[in-house]
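Quick notes on the structure that follows.
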There are 2 protein chains.
Amino acid sequence: MSVTIKDIAKAANVSYATVSRALSDHPDISEETKKKIKKLAKDMGYTPNIIARSLITKATKTIGLIIPDITNPFFPEVAQGVESYAYDNGYTVLLCTTNWQIDREKRYLKALRSKMVDGIIIAPAIDDISHIISNFNGGDTPVVFVTYSPDDPDCSFVATDDYKCGFMATEYLLKLGHRNIAYIGGLENSSSDRRRFEGYREALKSYGLQLRYSPMHGQFKQMSGYELTKELLIYNDIPTAILAGNDVLALGVIQAVEEFGLKVPDSVSVMGIDDISFASFDKISLTTVAQPKVKIGQLAAEIIIQKINSPQDKTPVKKVLEPRLIIRRTCRSI
Amino acid sequence: MSVTIKDIAKAANVSYATVSRALSDHPDISEETKKKIKKLAKDMGYTPNIIARSLITKATKTIGLIIPDITNPFFPEVAQGVESYAYDNGYTVLLCTTNWQIDREKRYLKALRSKMVDGIIIAPAIDDISHIISNFNGGDTPVVFVTYSPDDPDCSFVATDDYKCGFMATEYLLKLGHRNIAYIGGLENSSSDRRRFEGYREALKSYGLQLRYSPMHGQFKQMSGYELTKELLIYNDIPTAILAGNDVLALGVIQAVEEFGLKVPDSVSVMGIDDISFASFDKISLTTVAQPKVKIGQLAAEIIIQKINSPQDKTPVKKVLEPRLIIRRTCRSI
DNA sequence: TTGAGTATAGCAAACGTTTTCGCAAATGTC
DNA sequence: GACATTTGCGAAAACGTTTGCTATACTCAA
């Protein structure tokens, strides 16, 4: 039984239209009345019912954020970016994690539509995003992709250049003198993994090298990096360097390599991609390619809010951010 | 211009009450009509407007989650716990991070009330929670605290026993033979930090020891642990062991200790509290006291949903979870 | 045939706002 | 002092649902 505008109206002996206007500082209302009503509202402990407001204004002031895995330290940082920008602009964010499952993604998409979020920021679980497009091509709700650059030219997104990430990392390894470089990937149908792998392959090619190790895929989890590496090391042809699809994987790779009795970087160099915060921890000192994680989130939030504010402008905005090589101590020259 | 119940009613040539009932499988509607209407709804791409529904049912099927810092790997895990439980029960969660700032906490609390969330799970930024209580003592919206056990006997919460965390950790160190044990804390007015510190002090006392090092406080950040430790090491009286208020701090502590030229654990043992996922990484192998993080989130979600479902039952439910000592390799006996 | 009972479906109010339109009183203009 | 303009406010519709009550048309027993 919370206090509504009508209660205030009754108490102030005015119509509830007046209360509504007074509270939103409408110029039609006299200063005196405004003051009176505002005081009353405060005293009575009034909180506007945004649900009711949304019904008529068709704006919920909330944006949906769909990410695969909040447990991978990469995502909290982008979440942080969107949340803080959203907060500063009066929006709140609905957190949805898909656990890389497309059916969860679909269900959340539906739920967000039902909940009338004003916009959606999504890091898609897999490469195929047709279900997202189709869910929103009616298109009153703006969508921006993060960590993913869709082929569809009409989609807005902000992502770092994954191809370049893979390329840069591999190139660095090549420059260090490595020729036997393996790639340990995450989810096979993840687009960023695919592009990183592409970059890796092209870098090899640019040095006249063929793929020597068949690409390995699992999940974007430390455990997966660990297991895939174990598997990799079974064979005699041990690489001098391993590029992991991301930092979390790289941690697993290191663990497996050292458990195998090899030293990092002495015997095998290991590189990650992402630059999660623990990569810089001295005991780890993971050489990696950094993505501007918080910035990705911030930009995405900025774009989505701008899109919300000018719904007529349907032109997609695309931001591709530059990765940055971070040299630490898990790679050595040979 | 999305399709509404009225559109379907028009198309089906029935009243919109019928449509509403058909879609919610009300027994009053014939199977035939239901089938027809459901098909129509699907074909027309109908998505219920939950906003409108909420206005009348007074349930938004969303719960607010307020945490201090999504960037500290501790919190994503509890977030994960609540989110997945919520998802399974048809709820979605509104993510609010306060960055340990009480004014953000207040503003979010207000926003959540406005947005009519059905319940709130909150890890308070600081010890004083009067603003939370006062905001919700009207009390139709259930609140459960996590990571925090309020003094107020009417509050529901789920938390691990922070006092015991501190005690256990310190006791372990004492058993290893350490007598000069320093404590590096986080936020000074954080209740969990305070209780952990209490546990630490009591453990010392149980061994007949006084506080030897004045308690140090900063933030719950790696950098803070690093800086405080640097400061601690300035003095001649270097401890043989350092207990950090949490794992993230501990990482900073280790960094500072080693940078100072001391070995962990050879010269100084370091302990954390929380057992964040990276603590188990081989290169770190942080000895710590584990909290069941995901479980905390899950339980909190379970409790809040149960409370939402039986609003008449106001009895607080309190879960205090047991910490678990995790012995790894940053502590040695002396 | 009548009356009660049951299966379906419609009417209209309600949820708490915002907003369009209109109207009366106050003020300004000559 | 007559008219136009401004100021301040109220009436009521609208947003998209759900739901209590009512209404119709059957069925079936007496």
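None of these values were measured; they are calculated from a predicted model. Order of the sequence lines fixes the chain letters, A, B, ..., with proteins taken first and strands second; residue numbering starts at 1 for each chain.
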The helix from C/dT1-D/dA30 to C/dC30-D/dG1: angle between terminal helix axes, five bp per end, to the nearest 10 degrees, reads 50°

Spacing between B/Lys58 atom NZ and D/dT19 atom P, to the nearest angstrom: 12 Å

If you count the non-hydrogen atoms of other residues, nucleotides and ligands that lie under 6.0 Å from NZ in B/Lys38, is the total more than 12? yes

Look at A/Glu32 together with A/Lys35 and state whether they make a salt bridge at an N to O cut-off of under 4.0 Å. no

Short question: side chain of B/Thr33, backbone of B/Ile29 - any donor-acceptor pair under 3.5 Å? no

Regarding B/Asp28 and B/Arg21, does a basic nitrogen lie under 4.0 Å from an acidic carboxylate oxygen? no

Proximity to DNA chain D (any heavy atom under 4.0 Å), residues of residues 15-28 of chain A only: A/Ser15, A/Ala17, A/Thr18, A/Arg21, A/Asp28

Starting at atom CD1 of A/Ile56, determine the distance to atom P of D/dA13, rounded to an integer number of angstrom. 14 Å

For atom CD1 of B/Ile50 and atom C1' of D/dT18, their distance in whole Å: 13 Å

Is the NZ or CZ atom of A/Arg107 both under 6.0 Å from the centre of the six-membered ring of B/Tyr87 and within 45° of that ring's axis? yes

Less than 4.0 Å between a side-chain N and a carboxylate O, is that true for B/Lys307 and B/Asp118? no

Between B/Ser84 and B/Gln80, do the side chains contain an N or O donor and an N or O acceptor separated by less than 3.5 Å? no

Please say which of A/Ile63, A/Leu65, A/Leu109 ends up in a side chain to side chain contact (heavy atoms under 4.5 Å, CB included) with A/Ile120. A/Leu109

cation_pi(A/Lys6, A/Tyr16) dist<6.0 Å, angle<=45: yes

Presence of A/Thr33 side-chain N/O under 4.0 Å of D/dC9 phosphate oxygens OP1/OP2: yes

Can you pull the contact range of chain B along DNA chain C, 5' to 3', using atoms under 4.0 angstrom from its heavy atoms? C/dT8 to C/dG16

NZ of B/Lys6 versus P of D/dT17: gap in Å, rounded? 9 Å

From the list D/dC9, D/dG10, D/dT17, which nucleotide is the closest neighbour of the side chain of A/Ser30? D/dC9

A/Asn13 has an atom CG; how far is it from atom C1' of D/dG8, in whole Å? 15 Å

